[in-house]
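Lettering follows sequence order; numbering is per chain, from 1.
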Amino acid sequence: MDLNLKNNRNTRIWLMKSEPDVFSFSDLEKRKNQKEQWDGVRNYQARNFMMKDMQVGDKVLFYHSNASPTGIAGLCEVIEEAKPDVTALDPNSEYYDPKATQEQPRWFAVTVGKPQKLNRFVSLVELREKKELKEMLLLRKGQRLSILPVTQHEYNCILTMASSRK
DNA sequence: GCCAACGTTGGC
DNA sequence: GCCAACGTTGGC
């Protein structure tokens with residue numbers, strides 16, 4: 001499976017999926033200081049993006065998954081580097097991982113903030129219709145990773161879509 | 001709710 | 001290390 005997900009230092013833009021029923025873009029806007037640690041990720045590839053590749057200042061497309069409609073709900077930024085995801089240590093958390101310990105936290109998460117509204121929601125259906133986005137990882141069959149790198153070109157294209165009418 | 005397409009687990 | 005069984009993701 002060649003998804004071209006290798007470590008890429010030029011990557012400064014990411015797409016992060018969240019189920020709006022759990023945590024939506026407007027939830028981020030309402031948070032104190034408008035920031036939130038991206039906890040609950042329990043996939044190593046997504047974790048490694050947060051631990052190894054994401055840097056403070058990276059741009060993030062906030063994507064609503066498992067929703068109607070699904071799509072890009074807003075923008076935000078990485079504002080703190082990855083730190084231990086303490087929900088893994090909490091037996092009462094739905095994200096509890098018995099294999100995680102204080103010494104070996106196992107799961108890490110960046111903190112995102114600076115939510116920035118888009119003129120409008122850009123749905124997955126619309127993204128699929130764009131020829132320019134044909135190669136976008138999000139749109140690949142079987143791609144389920146909850147954190148994905150986005151190219152500058154894809155980012156620009158989506159911002160243009162969001163600032164213009166359907 | 002269905003189910004394709006993944007990822008993870010654990011026996012061997 | 002292989003791989004079947006199982007669990008999860010996420011669009012529809």
Side-chain angles (χ1 to χ4, degrees), chain A residues 1-8 11 13-29 31 36-54 58-76 78 82-112 115 118 120-151 153-155 157-159 161-162 166:
Chain A
M1 180 171 58
D2 175 24
L3 289 174
N4 192 23
L5 294 180
K6 295 237 168 63
N7 196 338
N8 177 356
T11 300
I13 307 165
W14 306 89
L15 180 143
M16 299 176 87
K17 299 180 185 174
S18 183
E19 302 190 18
D21 291 347
V22 179
F23 186 72
S24 70
F25 180 69
S26 65
D27 288 335
L28 175 62
E29 291 180 306
R31 275 288 191 275
E36 179 81 357
Q37 188 182 23
W38 205 263
D39 58 22
V41 171
R42 296 293 177 269
N43 171 285
Y44 283 107
Q45 221 170 347
R47 183 206 68 172
N48 289 343
F49 279 144
M50 291 199 281
M51 283 180 77
K52 299 176 181 176
D53 298 325
M54 292 174 99
D58 285 5
K59 305 290 183 198
V60 174
L61 296 169
F62 196 117
Y63 180 87
H64 281 177
S65 62
N66 250 318
S68 42
T70 55
I72 311 291
L75 306 177
C76 57
V78 176
K83 291 173 185 161
D85 176 350
V86 294
T87 63
L89 302 173
D90 176 6
N92 296 317
S93 169
E94 59 174 315
Y95 303 124
Y96 178 61
D97 179 354
K99 291 180 183 166
T101 63
Q102 289 279 358
E103 298 73 29
Q104 298 276 334
R106 197 152 124 130
W107 301 109
F108 289 74
V110 298
T111 296
V112 300
L118 290 171
R120 65 178 184 84
F121 186 89
V122 181
S123 73
L124 177 63
V125 170
E126 212 184 326
L127 295 177
R128 286 198 191 283
E129 287 168 352
K130 276 275 172 198
K131 270 201 184 125
E132 292 173 81
L133 299 178
K134 270 272 186 297
E135 301 300 313
M136 197 176 174
L137 290 173
L138 173 74
L139 306 182
R140 293 219 191 161
K141 188 176 179 183
Q143 180 55 65
R144 305 180 318 182
L145 259 190
S146 64
I147 298 177
L148 293 164
V150 174
T151 68
H153 176 68
E154 291 159 354
Y155 186 69
C157 181
I158 290 166
L159 291 193
M161 292 167 81
K166 244 187 196 175

ask   = So, do A:D39 and A:F23 sit near enough that their side-chain heavy atoms are less than 4.5 Å apart?
value =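 No. Closest side-chain heavy atoms not under 4.5 Å.
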Nearest-angstrom distance from the residue atom [atom1] of [X] to [atom2] of [N]:
{"X": "A:Q45", "N": "C:dT9", "atom1": "CD", "atom2": "C1'", "result": "14 Å"}
{"X": "A:E126", "N": "C:dG11", "atom1": "CD", "atom2": "C1'", "result": "17 Å"}
{"X": "A:L15", "N": "C:dT9", "atom1": "CG", "atom2": "C1'", "result": "15 Å"}
{"X": "A:L139", "N": "C:dG10", "atom1": "CG", "atom2": "P", "result": "14 Å"}
{"X": "A:N66", "N": "B:dG1", "atom1": "CG", "atom2": "C1'", "result": "12 Å"}
{"X": "A:L127", "N": "C:dC12", "atom1": "CG", "atom2": "P", "result": "11 Å"}
{"X": "A:R128", "N": "C:dG11", "atom1": "CZ", "atom2": "P", "result": "8 Å"}
{"X": "A:E19", "N": "C:dG11", "atom1": "CD", "atom2": "C1'", "result": "12 Å"}

request  = Give a yes/no answer on whether the side chain of A:Y63 brings an N or O atom under 4.0 Å of OP1 or OP2 in C:dG11.
outcome  =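 True: A:Y63 side-chain N/O within range (under 4.0 Å) of C:dG11 OP1/OP2.
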ask   = Is the shortest side-chain N/O distance from A:K17 to OP1 or OP2 of C:dG10 below 4.0 Å?
value =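 Yes, A:K17 has a side-chain N/O under 4.0 Å of OP1/OP2 on C:dG10.
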Between the protein and nucleotides 6-8 of chain C, list every N/O to N/O distance that falls short of 3.5 Å.
from, atom 1, to, atom 2, distance (Å)
C:dT8, O2, A:R144, NH1, 2.9

task = Using the test salt bridge (Lys or Arg N to Asp or Glu O under 4.0 Å), find all partners of A:E154 that sit at least two apart in sequence or belong to another chain.
result =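 Listed in chain order: nothing, the list is empty.
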Expected list for residues 61-74 of chain A: side-chain donor-acceptor pairs under 3.5 angstrom, two or more places apart:
from, atom 1, to, atom 2, distance (Å)
A:H64, NE2, A:F25, N, 3.0
A:N66, ND2, A:E19, OE2, 3.4

ask   = Side chains of A:D90 and A:T87: donor-acceptor distance under 3.5 Å anywhere?
value =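 There is no such pair (donor and acceptor under 3.5 Å, judged by atom type) between the side chains of A:D90 and A:T87.
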request  = Go through A:R42 and A:D97 one step at a time and tell me if the salt bridge (Lys or Arg N to Asp or Glu O under 4.0 Å) criterion holds.
outcome  = CA-CA 9 Å; A:R42 296 293 177 269; A:D97 179 354; 5.3 Å; no
key: Closest nucleotide among B:dT9, C:dG11, B:dA5 to the A:K141 side chain   =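 Minimum distance to the A:K141 side chain belongs to B:dA5.
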query = Do side-chain atoms of A:Q37 reach the backbone of A:A109 as a donor and acceptor pair under 3.5 angstrom?
reply =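 Flag set: sc A:Q37 to bb A:A109 pair under 3.5 Å.
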query = Does any N or O in the side chain of A:R128 come within less than 3.5 Å of the main-chain N or O of A:L139, such that one atom is a donor and the other an acceptor?
reply =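 Looks like yes, one N/O pair under 3.5 Å.
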